[in-house]
There are 2 protein chains.
Amino acid sequence: MAYRVLVWGLGAMGSGVARNVSQKEGLRLVGAVEKDPQKIGRDLGEYLGGEKTGRQIYSDVEKAVSETRPDIVVIATNSFVEEVLTKIETVARHHVDILTIAEEMAFPFFSHPEESEVLENIAWRYGVSILGTGINPGFVLDLLIIAMTGTCLKVDRIEARRINDLSPFGRTVMKTQGVGTSPEEFKKGIETGEIVGHIGFQQSIAMIGNALGWDIDRIEESREPIISKTERRTSVAHVLPGMVAGCRHIGRGYCGDKLMIELIHPQQILPEKEGVDTGDYIDIFGEPDIHLSIKPEIPGGKGTIALATNMIPAVIESGPGLLEMSELPIPRCLLNEIKEI
Amino acid sequence: MAYRVLVWGLGAMGSGVARNVSQKEGLRLVGAVEKDPQKIGRDLGEYLGGEKTGRQIYSDVEKAVSETRPDIVVIATNSFVEEVLTKIETVARHHVDILTIAEEMAFPFFSHPEESEVLENIAWRYGVSILGTGINPGFVLDLLIIAMTGTCLKVDRIEARRINDLSPFGRTVMKTQGVGTSPEEFKKGIETGEIVGHIGFQQSIAMIGNALGWDIDRIEESREPIISKTERRTSVAHVLPGMVAGCRHIGRGYCGDKLMIELIHPQQILPEKEGVDTGDYIDIFGEPDIHLSIKPEIPGGKGTIALATNMIPAVIESGPGLLEMSELPIPRCLLNEIKEI
């Protein structure tokens with residue numbers, strides 16, 4: 001008996017989840033939903049680069065759910081709560097569980113209290129569980145930090161950094177991170193909302209605060225341009241000295257005036273050009289202090305695909321509700337199928 | 001409403017748990033049980049170095065449980081399943097949950113299948129949950145590894161090292177690790193069972209294997225003397241060049257002939273004398289590879305006290321059964337009480 005999985009959205013992440021699901025012993029990929037006319041109607045296995053499987057790419061989610069009878073739908077279409085709320089409700093009405101990689105869904109309770117109420121009601125009304133997850137938010141700058149505090153007698157303050165390399169990403173990411181802009185364009189992009197930096201600080205900080213019982217009453221974010229001193233070039237971006245190589249995005253959570261949680265996430269192309277080591281770094285100040293590093297950083301794409309796949313059984317086996325990572329058993333890599341040769 | 005906690009055993013670990021519990025907002029220390037006549041009958045708060053609390057140190061566990069009506073008993077008296085089984089049953093008969101730091105209880109299913117059946121029956125008969133935890137086994141070389149694999153598409157092999165410093169410990173630990181022996185004495189100590197090294201490899205390897213669905217059919221352990229090249233001295237140990245500074249203990253888990261999990265735990269006094277950096281190191285080989293380090297290592301004493309305290313709510317809130325860390329929500333540091341000044 002394997003859990004039946006439908007994937008909604010076949011972008012880089014959704015396709016990756018679909019491919020990964022199809023390799024797991026305990027999961028069965030039963031179909032996908034897409035809005036791109038070029039993908040609709042194609043054989044899903046073939047589209048993913050494998051053999052024909054007879055599984056379809058649907059345009060209509062209602063039809064897809066009715067025909068494939070999934071245990072869970074993985075929604076990999078958007079980043080924001082507002083964008084996925086209706087999609088979640090559509091799936092929930094079929095009494096099917098939902099996992100989404102929409103960043104804001106990793107812990108919507110603080111940033112979106114009203115929508116969270118609506119989602120909680122939907123979850124209970126239809127008896128489904130709903131989880132948002134991903135590498136970050138969802139793991140590196142929240143779940144892993146929370147788990148590490150479990151080894152502490154007390155915690156006074158948390159600081160963590162995720163220093164990564166945007167070089168493998170495409171034009172959309174370059175645009176939302178301001179790569180290749182002038183400092184003036186960067187400033188304007190922040191004002192117009194075209195440059196967003198990282199999505200997830202509100203969620204990560206609120207998740208940590210909630211787990212530790214800290215009364216976080218204010219979350220502040222700052223976005224600064226990373227001005228390059230060197231020439232940096234990828235297949236889609238070209239940065240000259242004095243131009244912007246990325247966005248240094250910081251989130252800070254306060255209890256009153258006290259800074260409790262500081263999360264630092266500078267995202268740029270080719271950081272090694274200026275001697276910056278990529279990695280994930282967690283510093284917990286308390287009793288004892290904990291200094292953890294992961295070098296290089298856990299890759300964002302693979303990490304998100306892995307977590308979205310590996311959490312599927314936990315979501316299906318959980319009772320109804322709008323869930324968050326820290327209330328579920330820890331993730332673990334699901335076993336791959338042993339292919340006969 | 002705070003959970004009522006009774007601590008059984010007031011050695012270094014039990015006293016630490018009792019002290020830590022008494023500082024947590026959501027927990028209340030209601031008493032302790034000890035066999036040492038010098039401690040029995042004393043005021044528990046005073047014994048722990050604080051003010052009188054009216055809470056007692058009992059000699060009789062039955063009387064202690066009846067009088068203090070705990071929600072949970074933390075058993076911090078022994079390392080082995082055989083030694084705590086009867087104690088667990090005694091507590092369970094009162095329909096009270098159990099957490100223990102007995103190393104073998106962190107995952108007894110593989111090393112002690114028969115006793116695990118007995119404990120599972122006890123748990124269900126009396127409707128109690130039973131958990132073994134601690135820093136290692138219980139976290140560094142098992143739970144943390146499992147959680148990190150959650151970010152992987154697949155995992156081929158795991159290697160992890162916990163390199164620590166025994167210098168703060170007393171004579172008992174020096175003896176069980178062979179510190180200060182000659183190479184010949186070390187060899188003999190291993191044979192007679194006087195030198196044991198680390199307790200927990202069987203449990204950590206089996207816990208990882210179980211979480212990842214790996215069919216670990218063989219666990220091998222090797223214990224080698226760490227021969228000192230330098231003179232090393234602590235308040236209780238003195239090692240000359242050519243003598244044993246500690247025990248290099250390795251556990252290996254196999255699927256058939258394939259080495260899947262290798263856990264390396266050299267324990268010695270003053271490793272920095274020979275340029276050895278203490279730390280916890282996890283290497284996961286798969287897709288992607290993960291290289292994690294914690295420097296210095298999470299201190300064993302504090303870490304065990306913290307986990308034994310921080311897991312209390314999860315054990316009480318769980319349904320009945322013989323539990324293990326990877327099926328519970330992740331640990332997190334419980335909030336300290338805000339003391340009025």
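Numbered from 1 within each chain, the chains take letters A, B, ... in sequence-line order.
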side-chain contact (heavy atoms from CB on, under 4.5 Å) evaluation trace for B:Met207 with B:Glu324: CA-CA 8 Å; B:Met207 192 197 296; B:Glu324 49 105 356; 3.5 Å; yes
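- Scanning residues 309-317 of chain B against chain A with a 4.5 Å heavy-atom cutoff picks out B:Asn310, ordered by number.
- Looking at A:Ile135, the atoms closer than 4.5 Å to chain B (heavy atoms on both sides) all sit in the side chain, from C-beta outward.
- Of the candidates A:Thr133, A:Thr304, A:Ile298, A:Phe139 forms a side-chain contact (heavy atoms from CB on, under 4.5 Å) with just one, namely A:Ile298.
- Interatomic distance, B:Leu27 CG to B:Glu337 CD, rounded to the nearest 0.5 Å: 9.5 Å.
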Check against side-chain contact (heavy atoms from CB on, under 4.5 Å), A:Glu297 and A:Ile163: CA-CA 7 Å; A:Glu297 85 281 12; A:Ile163 299 172; over 6 Å; no
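- The greatest number of non-hydrogen atom pairs below 4.5 Å with chain A, out of B:Leu307, B:Ile146, B:Leu153, B:Leu335, is found for B:Leu153.
- Interface remark: of the candidates A:Pro296, A:Cys152, A:Pro299, A:Cys152 forms the most heavy-atom pairs closer than 4.5 Å to chain B.
- Atom CG of A:Asp142 sits about 9.5 Å away from atom CZ of A:Phe107, to the nearest 0.5 Å.
- To the nearest 0.5 Å, the span separating OG on A:Ser129 from CG on A:Leu328 amounts to 8.5 Å.
- Evaluation of the ring pair (Phe, Tyr, Trp, His ring centres under 6.0 Å) rule for A:His198 yields A:Phe201, A:His265 as partners, not counting sequence neighbours.
- In terms of heavy-atom pairs under 4.5 angstrom with chain B, the leader among A:Ser326, A:Gly16, A:Gly138 is A:Ser326.
- Applying the side chain to side chain donor-acceptor pair (under 3.5 Å) criterion to A:Asn136, with sequence neighbours excluded, gives no partner residue.
- Between the CG atom in B:Leu141 and the CG atom in B:Leu263 there is a gap of 5.0 Å [rounded to 0.5 Å].
- Only the side chain of B:Leu144 comes within less than 4.5 Å of a heavy atom of chain A; its backbone N, CA, C and O stay farther away.
- Expressed to the nearest 0.5 Å, how far CD1 of B:Ile261 lies from SG of B:Cys255 amounts to 7.5 Å.
- The contact list for residues 277-295 of chain B toward chain A, using heavy atoms and a distance under 4.5 Å, reads B:Glu287, B:Pro288, B:Ile290, B:His291, B:Leu292, B:Ser293, B:Ile294, B:Lys295 by residue number.
- Residues B:Leu322 and B:Leu131 are not in side-chain contact: their nearest non-hydrogen atoms beyond the backbone lie 4.5 Å or more apart.
- Your options are B:Ala308, B:Gly213, B:Gly303, and the one with the most heavy-atom pairs under 4.5 Å with chain A is B:Gly213.
- With a threshold of 4.5 angstrom between heavy atoms, B:Leu212 approaches chain A through its backbone and through its side chain.
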Verdict with supporting geometry, A:Asn336 and A:Lys24, side-chain contact (heavy atoms from CB on, under 4.5 Å): CA-CA 4 Å; A:Asn336 278 20; A:Lys24 295 295 176 186; 2.6 Å; yes
